[in-house]
Amino acid sequence: MDTVTALATVLRLDVQNLLDLRDVAAGSADVANEALPPGPAAETGGRLSGVLRDDPGHEPRLVGPIPPAAFAFQHRAEADQLRAKLEDGGTAVLEGRSAGRIPAGGALVGLGGVGKSQLAADYARTVLADGTVDVVVWVTATERPSIIDRFAQAGRELCASALEDPNQAARAFLAFLAPKRSAAPLRWLVVLDDLTLPQDMDGLWPPASPQGRTLVTTRRQDAALTGPGRSRLQVGLFTPEQAVVYLAEALAAYERPERDEDLAALAADLGHLPLALSQAAAYLADTGSSVGAYRQALADRAAALRDLAPDLLPDQQPHTVAATWALSIEHANTLKPEGLARPLLQLAAHLDPYGIPATVLTNESARTYLAHHRASQSRNQLAAQSSAKPAAQIEPVSATEAERAISALRRLSLLTYTPDTPATAVRVHQLLQHAVRDVLTPAQRHETAQAVADSLSRAWPKIERDTNLAQALRANTAALAQCAGDSLHRTKVHGVLYRMGNSLGKTGQVAAAHDHYQRLAEAARRNLGLDHEDTLVALGNVALWQGERGDAAGASREYADLLERMIRILGPDHTNTLTTRLNLARWQGEAGDAAGAAARLIELLEHMRHVLGNDHPDTLATRHNLARWRGRAGDAAGAAEALADLLPDQLRVLGEDHPDTLNTRGYLAYWRGAAGDPADAVEAYAALLPHQLRVLGEDHPDTLITRGNLAQWRGQAGDAPGAASALAELLEHKIRVLGFDHPHTLATRELLSYWRGQAER
């Protein structure tokens, strides 16, 4: 080539570059790429590495390997949603963009292991196969250098760029993607797989283009990844049906046919997480272990997830289930407020995966644990830097900081947070919980379990007005008890276990309460000994709920045996001994000996007055019970008179809103009606009900009992239609709160039938 020809060629290229840069500046401000040093744009202008873009016969180009399809890949609804968002949805979103500054595209967001990369790879293979793109660039976006290197490779391969500097070659590629007035449209797809840090994309976002799409897979949910022109698709777990089909297909390939019901149980144990299902299938194939044995090992608190992974991971997976979340946890712990995300996740790892009340993770007990662990991390960092520096002081953690720690974990898709459902606001996948607990030492597990128990106790209201919250607290306490082992009754029985048992019983789940206390008594006997006070208290609760289940005579016998041991071990004046005497009298009366119960209570009342005093709540409770059994023994007027004398003392000592005071008002109304004045009973119950609604709530058992008694005495006072109408409304309420087969529900049905019959007559 002579000098004149060469100069002309250079001039033509320079003019083309200037035109391209002019078009880029007009079409997308993103290509300014302030984070990259200045450099030349694409050298080929309107050409695709020597192939005209408007050539109908050219083959689509791929830069970077697309991950192979997973074995037994399952088509999911998210795949169809993704295609709609990137094609139909993408076009619609482009119309609403402002000045074309933000590229159209979508982000697949979700917990590590849900299959985001596989969905993205399936989409990329699909558009390559159907010829709807000219270029696909697959980028492993775990760090900025790898993003720049892949973009630079694309610049050299697609633009025939000879630039050696990666930053300049990457800039050339981004300029090449921008739409140009002087060339045919270029249809492209850029996949940014596993974007770890959103800031790694500063100055690197592909430009806005009507024919271009950017697809991001990430665990991050930062606001920086959303905005006009960017749609988000939350990728969830397999459905139960998809999980069973996947396991069946995967194991069949290993000549391991299994029953669908066994696979369904295994899938549920694995939380329907695709990555876990894949590795479990490979483990079963490698080891020959049965599904039942694998499930048993998975449930074993001593077994670590890493021990249940195959030696060689399937589908070229880089990490085991246990290791998949480690980097995300580390990143979350560095987000503001630093050092709180990891300990908060440790608390959540001991709770119910299906819903944790936010207050359990943000109240004072939880924040004390968070503060201690943040200070511990600071001390470790200081020790690593210089042993001469002073240890970090423990600074309190505010409720706002605890909430921001939840947000940090949410941003990394390590939990979900729905504040509009406060009783179940926080959810963490069960295998992630397992992985978090695995790295704790036995001492750390014990410490964390105690902290969670303290937090649950603090979150538990004295009066359970919110039935959803009470149910969630019971579920979370049960989850804690399952994974804490003996930590909650190693040196003493933690109070939260009593709260759970009593809550079960008071909401009508008497069989569950009885079974709970039986397990607790066995654990206390094993860890603390037969004569330990907590063992005796647990046995007392076993007897209590045995009676509530309908075995009054059995409860009376159990309390009689327990009383002898209480007197021998704790002494006759101990509070628990006196409570046992009170319960023995009650169940003696329930077993049919009302007069004997009253006699026992007369003796107990004198003892309580001597030991505790006249105004002690237990003394007042004994007076209440004595009046009740006097009435049950046939002296209704005497019972009403005794309760009328008791009520002023309870109002003075306990206050008008105390449950015992309200209970006495209810029994006073009942015995006045039983003594022959049903109209007085109706008036008293009608006055009590609004007070109970305000203090206890509409779903509280005592409130429901008052509504039933009010209806009953309305009927006794001559208003049978009113009684039937009130009982019909009450029945619907009890079915909703207690269930169709609850004894109180059945009793209401019987009363309703009776008063309807009376009303018809």
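Checking each of Arg623, Arg628, His658, His624 against Thr664 for a side chain to side chain donor-acceptor pair (under 3.5 Å) leaves exactly one that passes, namely His624. Between Arg609 and the options Thr619, Asn614, Thr622, a side chain to side chain donor-acceptor pair (under 3.5 Å) holds for only Asn614. The side chain to side chain contact (heavy atoms under 4.5 Å, CB included) with Tyr369 is formed by just one residue from the set Leu344, Leu347, Leu361, Val397; it is Leu347.
When the shell of 6.0 Å around OH of Tyr670 is examined, it contains 12 or fewer heavy atoms from other residues, nucleotides or ligands. Heavy-atom contacts from other residues, nucleotides or ligands closer than 6.0 Å to CD of Gln482 number 12 or fewer. No more than 12 heavy-atom neighbours from other residues, nucleotides or ligands sit within 6.0 angstrom of CZ on Arg749. A 6.0 Å sphere centred on CD of Gln518 holds more than 12 heavy atoms belonging to other residues, nucleotides or ligands. Within 6.0 Å of CD in Gln296 there are 12 or fewer heavy atoms belonging to other residues, nucleotides or ligands. For Glu447, the CD atom is densely surrounded, since the number of other residues' heavy atoms within 6.0 Å is greater than 12.
Listed here is the closest heavy atom pair of Arg474 and Ser503: NH1-OG, 2.9 Å. Here the closest heavy-atom approach between residue Trp629 and residue Glu590 is recorded as CH2-N, 3.3 Å. Taking both residues in full, the closest heavy atoms of Ala423 and Ala472 are given as O-CB, 3.2 Å, listed atom of the first, atom of the second, then distance. Between Leu473 and Pro461, the shortest heavy-atom distance links the atoms CD1-CD, 3.9 Å. The minimum heavy-atom distance between Ala633 and Ala595, with the atom names listed, is CB-N, 4.2 Å. Minimum interatomic distance between Ala642 and Ala627 (heavy atoms only, all atoms of both residues): CB-CB, 3.6 Å.
Arg665 and His691 form a side-chain donor-acceptor contact under 3.5 Å, judged by distance and modelled atom types alone. Residues Thr368 and Ser365 have side chains that never bring a donor and an acceptor to within less than 3.5 angstrom of each other. Between the side chains of His733 and Arg707, a donor-acceptor pair is found at a separation under 3.5 Å. Side-chain polar atoms of Gln712 and Trp755 form a donor-acceptor pair below 3.5 angstrom. A donor-acceptor contact closer than 3.5 angstrom is absent between the side chains of His532 and Asn527. With hydrogens and angles left out, the side-chain atoms of Gln450 and Ser487 include no donor and acceptor closer than 3.5 Å. A donor-acceptor pair shorter than 3.5 Å cannot be found between the side chains of Asp702 and Gln692.
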Apply side chain to side chain contact (heavy atoms under 4.5 Å, CB included) to the pair Glu533 and Lys492, showing each step before the final yes or no. CA-CA 9 Å; Glu533 179 179 352; Lys492 61 177 294 186; over 6 Å; no

Start with the C-alpha gap between Asp677 and Arg672, add the side-chain angles, then the distance that decides, and say whether salt bridge (Lys or Arg N to Asp or Glu O under 4.0 Å) holds. CA-CA 6 Å; Asp677 193 350; Arg672 281 177 172 168; over 6 Å; no

Could you please spell out the steps behind the side chain to side chain contact (heavy atoms under 4.5 Å, CB included) verdict for Leu536 and Asn576? CA-CA 9 Å; Leu536 300 178; Asn576 288 336; over 6 Å; no

Check step by step if side chain to side chain donor-acceptor pair (under 3.5 Å) holds for His607 and Asp573. CA-CA 8 Å; His607 196 155; Asp573 295 341; 2.6 Å; yes

Under the criterion side chain to side chain contact (heavy atoms under 4.5 Å, CB included), I'd like the reasoning laid out for Leu662 against Asp657: C-alpha separation, chi angles, the key distance, then a yes or no. CA-CA 7 Å; Leu662 298 176; Asp657 291 344; 5.6 Å; no

Salt bridge (Lys or Arg N to Asp or Glu O under 4.0 Å) assessment of Arg458 paired with Glu364: CA-CA 8 Å; Arg458 185 175 291 273; Glu364 185 177 348; 3.5 Å; yes

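To the nearest 0.5 Å, atoms OG1 (Thr467) and CZ (Arg465) are separated by 11.0 Å. The CZ atom of Arg499 lies 9.5 Å from the OG1 atom of Thr477; values are rounded to the nearest 0.5 Å. Interatomic distance, CZ of Arg581 versus CE of Met566, reported as 13.0 Å (0.5 Å rounding). Remark: Asn541 CG to Leu520 CG distance equals 8.0 Å, nearest 0.5 Å. From His434, atom NE2 reaches atom CG of Asp269 across 10.5 Å, with rounding to the nearest 0.5 Å. Rounding to the nearest 0.5 angstrom, the gap separating the OG1 atom in Thr748 from the CD atom in Glu732 is 12.0 Å.
Between Asp618 and Leu582 there is no side-chain heavy-atom pair separated by less than 4.5 Å. Between Thr448 and Arg437, the closest side-chain pair of non-hydrogen atoms is not below 4.5 Å. Within the 4.5 Å cutoff, no side-chain heavy atoms of Met608 are placed close to those of His616. With contacts defined as side-chain heavy-atom distances shorter than 4.5 Å, the pair Tyr517/Leu544 does not qualify. A heavy-atom distance below 4.5 Å is not found between the side chains of Asn476 and Val360. Looking only at side-chain heavy atoms (C-beta outward), Arg600 and Leu584 come within less than 4.5 Å of each other. By the 4.5 Å heavy-atom criterion applied to side chains, Arg565 and Leu530 are counted as neighbours. Two residues are said to be in side-chain contact when any heavy atoms from C-beta on lie closer than 4.5 Å; Glu558 and Leu562 fail this criterion.
Distance alone, capped at 3.5 Å, is enough to place a donor-acceptor pair between the Asp534 side chain and the Val493 backbone. With Thr745 contributing its side chain and Gly739 its backbone, the two residues share a donor-acceptor pair below 3.5 Å. A donor-acceptor pair is defined here as one N or O able to donate and one able to accept, closer than 3.5 Å; such a pair exists between the side chain of Ser457 and the backbone of Ala453. For Thr424 (side chain) and Ile356 (main-chain N/O), no donor-acceptor pair under 3.5 Å exists by modelled atom type. Between the side chain of Asn583 and the backbone N or O of Thr579 there is at least one donor-acceptor pair closer than 3.5 Å. Between the Asp593 side chain and the Gln588 main chain, no donor and acceptor come within less than 3.5 Å of each other. A donor-acceptor pair is defined here as one N or O able to donate and one able to accept, closer than 3.5 Å; no such pair exists between the side chain of Gln758 and the backbone of Asp719. In this structure a side-chain-to-backbone donor-acceptor pair under 3.5 Å is present from Thr661 to Gly655. In this structure, the side chain of Asn663 does not engage the main chain of Pro659 through any donor-acceptor pair within 3.5 Å. Of the possible donor and acceptor atoms, one in the side chain of Ser398 sits under 3.5 Å from a partner among the backbone N and O of Glu401.
Between Glu729 and Lys734 there is no salt bridge, since no side-chain nitrogen of the basic residue lies less than 4.0 Å from a carboxylate oxygen of the acidic one. With respect to Arg652 and Asp615, a salt bridge is recorded, a charged nitrogen being found less than 4.0 Å from a carboxylate O.
Between His744 and His742, the ring planes lie perpendicular to each other; the angle is over 60°, past the 30° to 60° tilted range.
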